[in-house]
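Working notes, structure below.
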There are 2 protein chains.
Amino acid sequence: MLTRSEEDHIKAVYALLQEDDSAFTKDIAERLHTKASSVSDMLKKLADKGHLKHEPYYGVKLTAKGHALALQLVRKHRLWETFLVERLGFGWDEVHEVAEQMEHVASEKLIDKLDNYLGHPSFDPHGDPIPDRHGRIRARRTKRLSACQQGDTVRIAAVSGTTDGLLRLLDAKGLRIGTVLNVQEVHAFDGSMDVKPKSGSAFSLSKDVSHHLQVENA
Amino acid sequence: MLTRSEEDHIKAVYALLQEDDSAFTKDIAERLHTKASSVSDMLKKLADKGHLKHEPYYGVKLTAKGHALALQLVRKHRLWETFLVERLGFGWDEVHEVAEQMEHVASEKLIDKLDNYLGHPSFDPHGDPIPDRHGRIRARRTKRLSACQQGDTVRIAAVSGTTDGLLRLLDAKGLRIGTVLNVQEVHAFDGSMDVKPKSGSAFSLSKDVSHHLQVENA
DNA sequence: AAAAAAGATTAGACTAGTCTAAAAAACGGG
DNA sequence: CCCGTTTTTTAGACTAGTCTAATCTTTTTT
C-alpha cells in the first residue's frame, strides 16, 4: 500500500513527463508545494520500492509498475471529476481540489462501479482522456491552439494544465469542449491570436490561453 | 482543520456516548484498533482544542463544538453509504469501510450537493438517521428487538452497531429495513426468540442478533 | 576556463502519531 | 479495609514526513 504522499509524488512525476518529457526534483517540489529536499527523500524511497528510476541530477522516469499506478490515479481523479460535474452539478472550475482528495480513496470495486455508473466515459469535463481499468487511453491527435495557423478551423478537445482561473475565463468567453473556432489572425509580436467561434463574433486570445487549449481539426 | 485521526477519535466518542452514555479511554482504543496510551494523548489534544471534556478516570463528554462536529461526520458517512448502496449498487454489508474513507473528504459544498442529489434522505441503508446540514436528526421511538415481548408485532427500523457478518446473516434470513415481524416466543435461558415474518415461516434469532435490531411498533 | 548561478542532495532538527513498558489511580471481592 | 486487578496516564522510543541550512554537482556566464 502506498501513502497519500507517495501517490502524490508519482502523479506529479507522471504529469511532468507528459508535459515536458522530463521530471526534475525542483519541478516536482513546485507542483506539490513542497521543498526539493523533501522530494529528494521521497524519490529515493519510491525508487527503492520500484516505482521509478532516479538518476540524480538527470531526472526521473517511471517504471512499468509506477506508470501503471499513475494511470490508475489519473483514472480515479478524472472519473471523480466527471461525477462531480455531470451528476452533482459542480462547475468544471470547482472540481480539481475535491477530486484530488477523492482519488486517494482506496477501493478497486468503488472505481469500477463508479465507472459503470457514469457509463464508461472516455473523457473528463476538461476533455482529458480517462484511462480504462487496464490503463488504456483513447487515442486522439490533438495539437495546441497556439500551434495553429491563420485560416485553420479546429474544435476544442481539451483544456490542459488547468487552473481554475483559466477555466472561468473560458466560461466567460463562451469557450467549451467541442466549440469550433476559426483562426483569423496570429500576431507575431506577442503570440496572441484572433479567433472566431462558429456562431458569434471574433475576439482575441493571449498566448497564455491558446497554449493550454488542445484542439483537433474540425 | 482537524486531522483524520482527530476526526476518528471524535466519532468514536460520539458513537460510544450514543450506545453506552459513557466513553472511556480503553473503549475508544478498542474501537479504533489502537492503544489506550495513544488515545490518552489524543484526548488531551482534543480537550485543548475545545472539542471535548476529559475527566481522567471518569470518562469523556463532547462539548457543543465537538458534538456538532461529530454530527457532521456522521452525516457525511451516512450520505456516502446511501450513495454507495442506492446509486452504485453496493450491498449494505460492503459499504462501511469505503464510507469511512470518503467521510474525510473535506468540502461543505460537496456534501450539500450530494445530499441534494440523493433527495435529502432521512435514513441510510442500515436505517440509521442522517443528520441534516444543521445537525438535526429525524426523531423516532424505537427499541431493541431483544426488549420485545411475546406477541409484539414490530417493524425493523435499523440495524445498529453493524458488522458486515451480521448484515449478511440478515440478508440470508430475508430480514430487511421495513420487514414486519411477530414475536412468537422468547426463550429465557439464552435470550433467543422465535419470530415470524408477515409472509414466510417462523425462525429463531439469537440474542446477539435481536440485540442489534432496532424496531418500532407496526 | 574560472566564477557564479542554479539545482540536487545530505545532515540535522522538528512534528504528529503511534507503540511498549512502567507508574499511578480507581475499583471490587474477600 | 486492604490487596489485586483493571484502567489510565506518563515516559521514552520509533517512524514518516517535512523543513532549513549546508554541501555537492551541473550548467551558464563572462
Side-chain angles (χ1 to χ4, degrees), chain A residues 1-17 19-62 66 69-70 73 100-101 103-106, chain B residues 1-17 19-62 66 69 73 100-101 103-104 106:
Chain A
M1 199 63 257
L2 270 68
T3 64
R4 167 152 191 175
S5 178
E6 289 170 334
E7 289 188 349
D8 285 341
H9 280 77
I10 287 179
K11 227 180 40 140
V13 170
Y14 174 83
L16 287 167
L17 289 174
E19 284 172 26
D20 304 345
D21 269 14
S22 70
F24 295 99
T25 305
K26 130 183 115 64
D27 303 310
I28 300 167
E30 189 177 349
R31 184 172 275 259
L32 297 178
H33 306 106
T34 180
K35 302 294 172 187
S37 56
S38 310
V39 172
S40 203
D41 284 352
M42 190 57 82
L43 290 179
K44 201 174 313 141
K45 184 200 280 198
L46 289 172
D48 287 349
K49 290 199 181 185
H51 294 290
L52 49 82
K53 296 282 180 208
H54 182 206
E55 298 277 0
Y57 300 101
Y58 287 91
V60 183
K61 300 290 171 199
L62 292 174
L69 212 143
L73 290 170
E100 200 74 22
Q101 297 183 60
E103 82 193 0
H104 294 289
V105 174
Chain B
M1 197 63 259
L2 270 68
T3 65
R4 166 150 193 177
S5 178
E6 289 170 334
E7 290 188 347
D8 284 341
H9 280 77
I10 287 178
K11 226 181 38 141
V13 170
Y14 174 82
L16 287 168
L17 289 175
E19 284 172 26
D20 303 346
D21 270 14
S22 70
F24 295 99
T25 305
K26 128 183 116 62
D27 303 310
I28 299 167
E30 188 178 351
R31 186 172 272 260
L32 297 178
H33 306 108
T34 180
K35 302 295 173 186
S37 56
S38 310
V39 172
S40 201
D41 284 352
M42 190 58 81
L43 290 180
K44 201 175 312 144
K45 185 200 279 197
L46 289 172
D48 286 350
K49 290 198 180 184
H51 295 290
L52 49 82
K53 295 282 180 208
H54 181 205
E55 298 277 1
Y57 299 101
Y58 288 91
V60 183
K61 300 290 171 199
L62 292 174
L69 211 145
L73 290 169
E100 201 73 23
Q101 297 183 62
E103 82 191 359
H104 294 289

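Letters A, B, ... mirror the listed sequences (proteins, then strands); counts begin at 1.
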Mind checking whether B:E100 and B:K11 have side chains closer than 4.5 Å, heavy atoms only? yes

State, with a plain yes or no, whether a side-chain heavy atom of A:D20 is found less than 4.5 Å away from one of A:D27. no

Please walk me through it: do A:L43 and A:I28 pass side chain to side chain contact (heavy atoms under 4.5 Å, CB included)? CA-CA 10 Å; A:L43 290 179; A:I28 300 167; 4.2 Å; yes

Give [X] one of three labels, base, sugar-phosphate or nothing, depending on what nucleic acid heavy atoms sit under 4.0 Å from its own.
X	result
B:S5	sugar-phosphate
A:S38	base
A:S37	base

Hey, is the side chain of A:H54 poking within less than 4.0 Å of OP1 or OP2 on C:dA8, counting only N and O atoms? no

Could you state the atom-to-atom distance from [atom1] of [X] to [atom2] of [N] in whole Å?
X	N	atom1	atom2	value
A:L32	D:dT18	CG	C1'	13 Å
A:L2	D:dA16	CG	P	13 Å
A:I28	C:dG7	CD1	P	14 Å
A:K35	C:dA8	NZ	C1'	15 Å
B:E30	D:dT8	CD	P	11 Å
B:K26	D:dT9	NZ	P	13 Å
A:E7	D:dA16	CD	P	16 Å
A:Y57	C:dA6	OH	C1'	11 Å

Where the side chain of [X] is defined as all heavy atoms beyond and including C-beta, which of [options] is the nearest nucleotide?
X	options	answer
B:H9	D:dT18, C:dT18, C:dC27	C:dT18
B:Y58	C:dA8, C:dA26, D:dT10	C:dA26
B:F24	C:dT18, D:dT9, D:dT8	D:dT8
A:D41	C:dA8, D:dC19, C:dT18	D:dC19
B:K44	D:dT10, D:dT18, C:dT9	D:dT10

Between A:P56 and A:R4, the residue closer to the 5' end of DNA chain D by nearest nucleotide is A:R4

Does the distance from a Lys or Arg side-chain N to an Asp or Glu carboxylate O, for B:R4 and B:D8, drop under 4.0 Å? yes

Give the C-alpha distance, both sets of side-chain angles, the deciding distance and a yes or no for side chain to side chain contact (heavy atoms under 4.5 Å, CB included) between A:H9 and A:H51. CA-CA 11 Å; A:H9 280 77; A:H51 294 290; over 6 Å; no

